[in-house]
Enquirer: 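Below you will find the structure I want to go over with you.
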Amino acid sequence: MADTISQPEIKEVNRIIVRFAGDSGDGMQLTGERFTSASALFGNDLATLPEFPAEIRAPQGTLAGVSAFQVQVSDHDITTPGDAPNVLIAMNPAALKKELSKLEDAGTIIVNLDTFEERNLKKAGYENNPLETGELSEYTLFQVPMTSLTKEVCKEIEGIKPRDAERSKNFFALGLVSWLYQRPLEPTLDWIEKKFGKSPQVVAANNAAFKAGHAYGETTEAFDYAYEVKPAQLEPGEYTNINGNTALSWGLVAASKLSERPVFLGSYPITPASDILHELAKHKNFGIQTFQAEDEIAAVASAIGASFAGDLALTTTSGPGVALKGEAIGLAFNLELPLVIIDIQRGGPSTGLPTKTEASDLMMAMYGRHGESPIPVIAPYSPGHCFHVAIEACRIALKYRTPVMLLSDGYLANGSEPWKLPDVDTLPDISTTFTTEPNHVDEDGNSHFWPYKRDPETLARAWAIPGTPELMHRIGGIEKEDGTGNISYDPSNHQKMTDIRQTKVDNIANDMPLTWVEGDLDADVLMIGWGSTWGSIASAVKQARSEGHKVAHAHLIHINPFPRDLGEILSRYKTVICPEMNMGQLSKLLRAEYLVDVQSLNKVQGQPFTTSELHETILAALGKK
C-alpha cells in the first residue's frame with residue numbers, strides 16, 4: 001500500500017498580516033508587491049508598508065541593509081497595514097534580528113535556513129545561532145532551506161549557474177507564502193513572463209523557484225494548516241492596486257485633461273518624490289512635459305516660466321527641496337501665477353531619514369517664505385485619495401491664480417491599496433480662462449491690458465498668455481500697483497496688495513467642503529488629524545466605538561484655509577486630541593486660530609502610528625485605562 005501525504009487543513013481567517021524581510025538585494029520589495037497584487041486580484045482589501053534602507057547598497061547581511069515589506073490582507077474594509085505581523089519571513093539572520101520585535105506574540109517565523117551560518121550570524125550580532133538556542137521557542141518556527149532548494153530546481157535550466165539561481169530564492173519564499181495563504185498562482189506566473197520575457201532563462205528560473213516553494217508547502221508535513229482569506233465585499237466597480245505616487249501622477253494627468261491645459265513638471269530627483277517624475281514621463285501622449293533640472297531652484301523656476309506661458313505647472317520634491325524652492329515660491333505667489341508644489345515628506349531635518357516617513361513640513365508649507373505670503377495647503381489621507389487631491393490642488397491653483405502646496409508623505413507615496421477607478425464623467429470641470437483682449441479703458445477712452453485687474457468673486461488676477469495681440473505686459477518680484485501691475489513702493493498700495501492676497505486665500509474656504517467628521521457627534525473626545533494619520537486614527541476610533549465608547553474623528557484635507565466650520569466643530573468636544581508625525585505642528589495652528597486646548601500626540605520615529613497606540617490614547621482620554 002502506497003504512502004500518501006496528508007493535506008493540511010485549510011482554516012478561514014478574516015485577515016492576515018505578513019512581513020517579508022531580507023537583505024536589500026534579496027528582492028523583498030518585489031516579493032511583497034507580487035503577494036499584494038495576487039491578493040488584490042483575488043478581491044481582498046489590503047494596505048501595505050514598504051520599508052527599505054537609505055543606503056544604495058548597505059553591506060550584505062548587516063542590520064543596516066535589511067529591507068522589509070508588510071501587507072495586511074482582509075475580507076473586510078481596512079485602513080492600515082496592521083500593527084504586528086502574524087508571520088515573518090526572514091531571509092537571513094539580520095532580518096530576523098531586526099524585525100523579530102515587530103512580530104505578534106506566538107507568531108509564525110519562516111527562515112531561510114541556508115543563511116544561518118557563522119559569518120552571517122556574526123554580521124547580524126548573534127553570538128549563537130538563535131535557531132538552536134531556544135530563544136524562539138515562544139514562536140512557531142519553520143526552517144526552510146530556500147537557497148539550496150532553489151538551486152536544486154534550477155540546476156537543469158540551461159544557462160543558469162548556481163549563483164544566478166540563488167537570485168530566485170525570493171520567488172521560492174513567495175511560492176511558499178502563496179500556498180500558506182492560498183493565493184492564486186496565475187497572476188504571479190503571468191507577471192514573471194511579462195517582466196522577464198526577454199530573458200527566457202530568468203523566466204524559467206523564477207517560475208521553477210516559485211512553483212517549488214508552492215510545492216514545498218503543499219507536500220511537506222511541516223505545516224499543520226494553510227489559511228484562506230475570502231474576498232472583501234468591496235463596492236462594485238473596476239479596481240486596481242495603486243500606490244500614492246502613482247495615484248497622484250494619474251490625478252495630474254487627469255487634471256491636464258479636465259483643465260484643457262498641458263502639464264509641465266519641473267523636477268529634481270529626490271526620495272521619495274522621484275517616482276512622480278518617472279511616472280509622468282511615461283505619459284507624453286497626454287501632453288505631459290517633464291523636465292529634470294540640474295537642481296531644485298532650476299526645477300521650480302522652470303515651472304514658474306511654464307505657468308507664465310499658460311501651462312498647468314508643477315514641481316515635485318521633498319522637505320529639503322521645499323527649503324531650496326522657498327524664494328521662487330514667493331516669486332510665484334507675488335506674480336499670482338498657478339503653481340502646484342508637491343512635497344512628499346520624509347524624516348528630517350537636513351538629509352534626515354530619506355526613506356522613512358514623517359509629516360513635519362506643515363509649518364514650512366504655511367510659513368516657509370519671507371514676507372506675508374500665504375498659500376493654500378492641502379493633504380491626501382490615503383494612497384487612492386492622492387488622485388483626487390492632485391485634481392483639487394490644480395483646481396485651486398488655476399481658479400485662484402496662486403501656488404498651492406500639496407503635502408503627501410513617504411507612507412502614502414509607497415503604500416498601496418485597492419482603488420476603484422473613478423467614472424470620468426463625475427470628475428470636476430477645472431477649466432480656466434485666459435484674458436484675450438484689453439480689459440481696461442482709461443479716462444481718455446484708450447484700451448489697455450491690466451494684468452492685476454481681478455475677478456470680483458475670486459480676486460484672481462487676469463492671466464494672459466505671452467504673445468497674445470495687444471496684451472504685452474510685464475510682471476516681476478517687486479511689489480505691483482493693484483490693477484495696472486506697475487512697480488509701486490507706495491505704503492498704502494503695499495498694505496492693499498497684502499490684504500488682497502490674504503483675502504484671496506481666505507475666501508477659498510467658501511469654495512471647499514465643510515469639516516469631515518465621523519463617529520459619535522455627541523462624544524466627549526474628538527480625534528483630529530491630517531494626512532496619512534487617517535488610517536490609524538480611523539481604525540482606532542472604529543475599535544473604540546465597537547467596544548461601546550463614544551468618540552469622533554475629524555480629518556482635515558484642506559489645511560490652509562481651514563474649513564469654515566472647523567471652529568464650531570472643535571468647540572463641541574471636551575477633549576480634542578491631535579496625533580501627528582511631527583512635534584505638534586497642526587496642534588499649534590489650531591490652538592492659535594481657535595483658542596482650543598488641543599492635546600498633541602507626537603511621533604517622529606520614521607514609522608506611522610499603530611492602531612493600538614491610538615486606541616490606548618482614546619481609552620486614556622475616556623478614563624478607561
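We count residues from 1, following the sequence as given. Just so you know, these numbers use all the heavy atoms, side chains as well, and skip hydrogens, waters and symmetry mates.
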Enquirer: Would you say the side-chain atoms of Lys356 pair up with the backbone N or O of Gln607, donor to acceptor, closer than 3.5 Å?
Expert: no
Enquirer: Can you list, pair by pair, the side-chain donor-acceptor contacts under 3.5 Å of residues 303-314, counting residues two or more places apart and other chains?
Expert:
unit_1: Ser307; atom_1: OG; unit_2: Pro338; atom_2: O; d: 2.6
unit_1: Asp311; atom_1: OD2; unit_2: Gln289; atom_2: NE2; d: 3.3

Enquirer: Between Gln292 and Pro269, is there a donor-acceptor pair closer than 3.5 Å when you use the side chain of the first and the backbone of the second?
Expert: no
Enquirer: Rounded at 0.5 Å granularity, tell me how far CG in Leu556 sits from OH in Tyr381.
Expert: 13.5 Å
Enquirer: If only side-chain N and O atoms count, and only distance matters, is there a donor-acceptor pair under 3.5 Å linking Thr315 with Lys325?
Expert: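 Yes, because at least one side-chain N or O of Lys325 sits under 3.5 Å from a partner of the opposite role on Thr315.
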Enquirer: Would you find a donor on one side and an acceptor on the other, under 3.5 Å apart, between the side chain of Ser256 and the backbone of Arg261?
Expert: yes
Enquirer: Do the side chains of Asp597 and Val576 get nearer than 4.5 Å, heavy atoms only?
Expert: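 No; the side chains remain at least 4.5 Å from each other.
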Enquirer: Using a strict threshold of under 4.0 Å (side-chain N to carboxylate O), is an ion pair present between Lys480 and Glu336?
Expert: no
Enquirer: So does Phe52 get a backbone contact from the side chain of Thr355, meaning a donor-acceptor N/O pair under 3.5 Å?
Expert: yes
Enquirer: Return the CH2 to OG1 distance between Trp463 and Thr433, rounded to the nearest 0.5 Å.
Expert: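 Interatomic distance, Trp463 CH2 to Thr433 OG1, rounded to 0.5 Å: 9.5 Å.
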Enquirer: Quick one: side chain to side chain donor-acceptor pair (under 3.5 Å) partners of Lys542, sequence neighbours excluded?
Expert: none
Enquirer: When you compare the side chain of Met512 with that of Pro561, does any pair of heavy atoms fall below 4.5 Å?
Expert: yes
Enquirer: Can you find a side-chain donor-acceptor pair between Thr79 and Ser539 that sits under 3.5 Å?
Expert: no
Enquirer: Salt bridge check, Lys399 against Asp455: does any charged N sit closer than 4.0 Å to a carboxylate O?
Expert: no
Enquirer: Assess the side chains of Ser488 and Asp490: does a donor N or O sit below 3.5 Å from an acceptor N or O?
Expert: no
Enquirer: Is there a donor-acceptor pair under 3.5 Å between the side chain of Arg346 and the backbone N or O of Thr271?
Expert: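 Yes, because the side chain of Arg346 sits within donor-acceptor range (under 3.5 Å) of the backbone of Thr271.
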Enquirer: Considering only heavy atoms from C-beta outward, does the side chain of Tyr452 approach that of Ile475 to under 4.5 Å?
Expert: yes
Enquirer: Assess whether atom CD of Glu294 is packed by more than 12 heavy atoms of other residues, nucleotides or ligands within 6.0 Å.
Expert: yes
Enquirer: Check Ser318 against Ile270 and note the closest heavy-atom contact, atom names and distance.
Expert: N-CG2, 3.6 Å
Enquirer: Indicate yes or no for a side-chain donor-acceptor contact from Arg395 to the backbone of Ile430 under 3.5 Å, with no hydrogens or angles considered.
Expert: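 No, because the side chain of Arg395 does not come within donor-acceptor range (under 3.5 Å) of the backbone of Ile430.
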Enquirer: Could you check whether Arg454 pairs with Asp482 (Lys NZ or Arg NE/NH1/NH2 to Asp/Glu carboxylate O, under 4.0 Å)?
Expert: yes
Enquirer: When you compare the side chain of Ile276 with that of Ser249, does any pair of heavy atoms fall below 4.5 Å?
Expert: yes
Enquirer: Would a 4.5 Å heavy-atom cut-off, applied to side chains only, mark Thr48 and Val71 as touching?
Expert: yes
Enquirer: Do Glu580 and Ser587 get their side chains close enough for a donor-acceptor pair, meaning under 3.5 Å?
Expert: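 A pair is found: one side chain offers a donor N or O, the other an acceptor, under 3.5 Å apart.
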Enquirer: Is any side-chain heavy atom of Thr317 less than 4.5 Å from a side-chain heavy atom of Leu324?
Expert: no
Enquirer: State, to 0.1 Å, how close Gly476 and Asn334 come at their nearest heavy-atom pair, and which atoms those are.
Expert: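 Shortest heavy-atom contact: O-ND2, 3.9 Å.
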Enquirer: Hey, what's the ring geometry for His473 with Phe449, parallel, tilted or perpendicular (30° and 60° as the breaks)?
Expert: perpendicular
Enquirer: If we ignore angles and hydrogens, is there a donor and acceptor under 3.5 Å between the side chains of Arg401 and Thr432?
Expert: yes
Enquirer: Would you name the heavy atoms of His278 and Lys282 that are closest together and state the gap between them?
Expert: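 Of all heavy-atom pairs spanning His278 and Lys282, the closest is O-CG, 3.5 Å.
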Enquirer: How about OH on Tyr268, more than 12 heavy atoms from neighbouring residues, nucleotides or ligands closer than 6.0 Å, or not?
Expert: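 No, not enclosed.
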Enquirer: Within a reach of under 6.0 Å around CD of Gln599, are more than 12 heavy atoms found that belong to other residues, nucleotides or ligands?
Expert: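 Yes - once you tally the heavy atoms of other residues, nucleotides and ligands closer than 6.0 Å, there are more than 12.
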Enquirer: Indicate yes or no for a side-chain donor-acceptor contact from Arg461 to the backbone of Leu335 under 3.5 Å, with no hydrogens or angles considered.
Expert: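 Between the backbone of Leu335 and the side chain of Arg461 there is a qualifying donor-acceptor contact (under 3.5 Å).
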Enquirer: Below 4.5 Å, heavy atoms only, C-beta onward: do Leu570 and Leu526 meet side chain to side chain?
Expert: yes
Enquirer: For Gln345 and Ser408, indicate whether the former's side chain and the latter's backbone hold a donor-acceptor pair under 3.5 Å.
Expert: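 Yes, the answer is positive, given that a donor and an acceptor are paired below the 3.5 Å cut-off.
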Enquirer: Show the nearest heavy-atom pair for residues Leu471 and Thr435, with the distance to one decimal.
Expert: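 Nearest pair, atom of Leu471 first, then Thr435: CD1-O, 3.2 Å.
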Enquirer: With sequence neighbours excluded, what pairs up with Asp425 under the salt bridge (charged side-chain N to carboxylate O under 4.0 Å, His left out) test?
Expert: none
Enquirer: Give a yes or no on this: more than 12 heavy atoms of other residues, nucleotides or ligands lie within 6.0 Å of atom NZ of Lys420.
Expert: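 Counting other residues, nucleotides and ligands, NZ of Lys420 exceeds 12 neighbours.
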Enquirer: Please determine whether the number of non-hydrogen atoms from other residues, nucleotides or ligands lying under 6.0 Å from atom CD of Glu327 exceeds 12.
Expert: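 It does not: Glu327 CD has 12 such atoms or fewer within range.
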Enquirer: Ignoring hydrogens, what is the shortest heavy-atom contact between His555 and Thr533? Give both atom names and the distance.
Expert: CE1-OG1, 3.4 Å
Enquirer: So does Met363 have more than 12 non-hydrogen atoms from other groups sitting under 6.0 Å from CE?
Expert: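 Yes, the 6.0 Å shell around CE holds more than 12 heavy atoms from other groups.
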Enquirer: Taking CD in Glu470 as the centre, count heavy atoms belonging to other residues, nucleotides or ligands within less than 6.0 Å. Is the count above 12?
Expert: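 It does not: Glu470 CD has 12 such atoms or fewer within range.
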Enquirer: Taking the side chain from Gln585 and the backbone from Leu362, do they hold a donor-acceptor pair closer than 3.5 Å?
Expert: yes
Enquirer: Taking the side chain from Asp444 and the backbone from Asn446, do they hold a donor-acceptor pair closer than 3.5 Å?
Expert: no
Enquirer: Do you know which two heavy atoms are closest between Ile528 and Leu566, and how far apart they sit?
Expert: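 Taking Ile528 first and Leu566 second, the nearest heavy atoms are CD1-CD1, 4.1 Å.
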Enquirer: Any non-hydrogen side-chain atom of Tyr411 less than 4.5 Å from a side-chain atom of Leu49?
Expert: yes
Enquirer: Looking only at side-chain N and O atoms, does His558 offer a donor or acceptor that is under 3.5 Å from a partner on Glu392?
Expert: yes
